[in-house]
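Residue numbers start from 1 in every chain, and the chains themselves are labelled A, B, ... in the order their sequence lines are given, proteins ahead of strands.
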Amino acid sequence: MSRVQVDRERCVGSGVCESLAPDVFEIDDEGVLQVHREEPAADDLDGVRDAVQSCPARALALAE
Amino acid sequence: MSVNTPAGPVDAASPDIDAIDLSDRDFWAEPPAVRHAVFDKLRAERPFAFFDEPTMEGMEPGPGYWAITRLADLDAISSQPAVFCSGQGAVSIQDIPADLSEFYGSMISMDDPRHARIRRIVAKTFTPRMLEQVVDSVVGIVDDVLAEARAKAEAGDGSLDVVADIAAPIPLRIICDMMGVPEEDRLLVLNASNTILSGGDPELTDEADPLTALLEAGMAMAELMGRLAAERIENPTDDLTTALVNSEVEGEKLTHQEIASFFILLLVAGNETTRTAIAQGLLALSENPEQRAAWMADPSMDKSAVEEIVRYVSPVTWMRRTATQDGEVNGHSFKEGDKFLLFYNAANRDPQSFENPHALDLARTPNNHVGFGGHGPHFCLGAHLARRELAVTFRRLFEICPDLEITGEPARLRSSFVNGLKRLPARLTGER
């Protein structure tokens with residue numbers, strides 16, 4: 001099972017991940033990233049991989 | 001290097017590398033082709049070129065800076081914020097006093113963890129999910145502005161100014177709506193943000209005393225903020241100003257000065273960059289009519305076209321970083337305290353990263369440009385908003401003003417920092 005990992009030191013809440021995989025990522029009212037599904041559904045995996053690639057803060061990883 | 005440039009324009013075909021001086025104000029008044037030829041030369045032959053700092057009245061000259069022009073170097077520096085910090089100033093080449101730098105740069109000129117804490121206050125507002133809710137208002141504002149521009153042109157001889165009538169009012173109204181700035185104060189915001197980001201263009205600031213003009217503009221914005229903040233404490237709304245006055249960082253409310261500088265950052269950044277992308281984008285489309293026709297006919301190109309406009313225009317030319325330690329980056333040694341200017345305009349035309357980099361290709365994919373900044377914590381907060389504004393603006397322009405025609409030369413801002421236009425003459429031909 002693939003697992004999403006967030007480097008909290010790096011994350012600045014840019015929301016790029018949210019735009020690519022909205023079911024998995026959401027920036028909350030405090031500006032902090034919430035991961036709704038740490039083990040994303042198969043349908044979401046492409047979006048999550050995109051998000052890992054595109055994260056401007058390089059704060060995301062997907063352990064597969 | 002960086003000796004005085006000989007009189008006369010640099011030869012666009014093959015600039016003399018030892019005559020290049022990015023600190024020469026006159027260089028930034030050269031036509032874009034000349035400037036791009038210079039950056040091509042630096043990127044290819046001297047990717048870590050060193051320049052003396054521009055002189056500033058009443059200030060000791062600083063040690064100089066490295067000009068970064070390759071995308072790979074820019075990204076390597078940008079993504080190591082602990083080694084290449086922003087806290088010593090990200091928006092000025094000279095070391096200006098820290099409080100002044102923070103006042104005008106806010107979190108742009110801060111490092112984590114403080115930068116991250118401040119940024120989180122507004123992060124949510126600028127996420128795609130939240131911006132979905134403002135789409136309707138963006139469309140409404142764009143339609144209003146375009147209808148007004150059309151009416152104004154048709155009441156006269158059909159002519160209009162793309163900057164004053166289209167590119168400036170759209171982002172101004174959107175960011176002022178988000179911040180809750182009342183109608184009657186918006187001209188002040190426009191003028192003050194022009195001054196703050198004019199880079200000393202003689203038309204917009206008093207050349208003899210640019211610092212005073214800058215301070216006065218900052219004061220005017222701070223006064224406006226003080227007034228709005230007091231109102232929002234009494235009567236909270238759902239705007240960003242209310243979020244700022246009510247937010248706490250580490251259990252403490254932001255100080256008046258922190259709020260004012262945040263306010264200035266959001267207003268200035270929200271205005272100037274998108275205005276530049278719209279105005280320069282329209283100019284680029286008129287210079288590439290086949291690209292314009294293809295985009296106009298195909299709304300599915302909106303996404304890639306917007307990215308390409310941001311790459312091609314590179315509204316913000318550079319940001320600065322300062323080394324916190326001795327080290328090496330991509331084979332180049334540097335010392336603690338060394339300054340680096342990250343030239344986004346040059347990296348965005350790097351042939352290693354973009355095929356045919358000087359061509360406008362609205363279908364370009366992938367397009368890993370650095371128009372919103374390189375990787376790292378300072379990636380543009382407003383990127384999602386800017387993309388939305390640009391997509392709506394161009395699409396509605398194609399629908400409401402398909403007969404828009406650029407009729408003359410643009411008046412370019414003489415600034416090293418913003419790739420702005422002051423005026424761009426156009427007309428509506430009436431042919432639809």
Legend entry - Largest heavy-atom contact set with chain B, pairs under 4.5 Å, which of Ser19(A), Pro56(A), Gly31(A), Pro22(A):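 Among the listed options, the one with the most contacts to chain B is Pro56(A).
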
Between the side chains of [Y] and [X], is the shortest nitrogen-to-carboxylate-oxygen separation below 4.0 Å, so that they form an ion pair?
X	Y	result
Lys124(B)	Glu26(A)	yes
Arg58(A)	Asp75(B)	yes
Arg388(B)	Glu132(B)	yes

Inset, instruction - Please check if the distance between the ring centroids of Tyr344(B) and Trp318(B) is under 6.0 Å. - result: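 No.
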
Legend entry - Pick from His375(B), His115(B), Met130(B) with the largest number of heavy-atom pairs that fall under 4.5 Å of chain A: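 Highest number of heavy-atom pairs under 4.5 Å: His375(B).
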
Legend entry - Structural part of Arg119(B) lying under 4.5 Å from a heavy atom of chain A: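 The side chain, not the backbone.
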
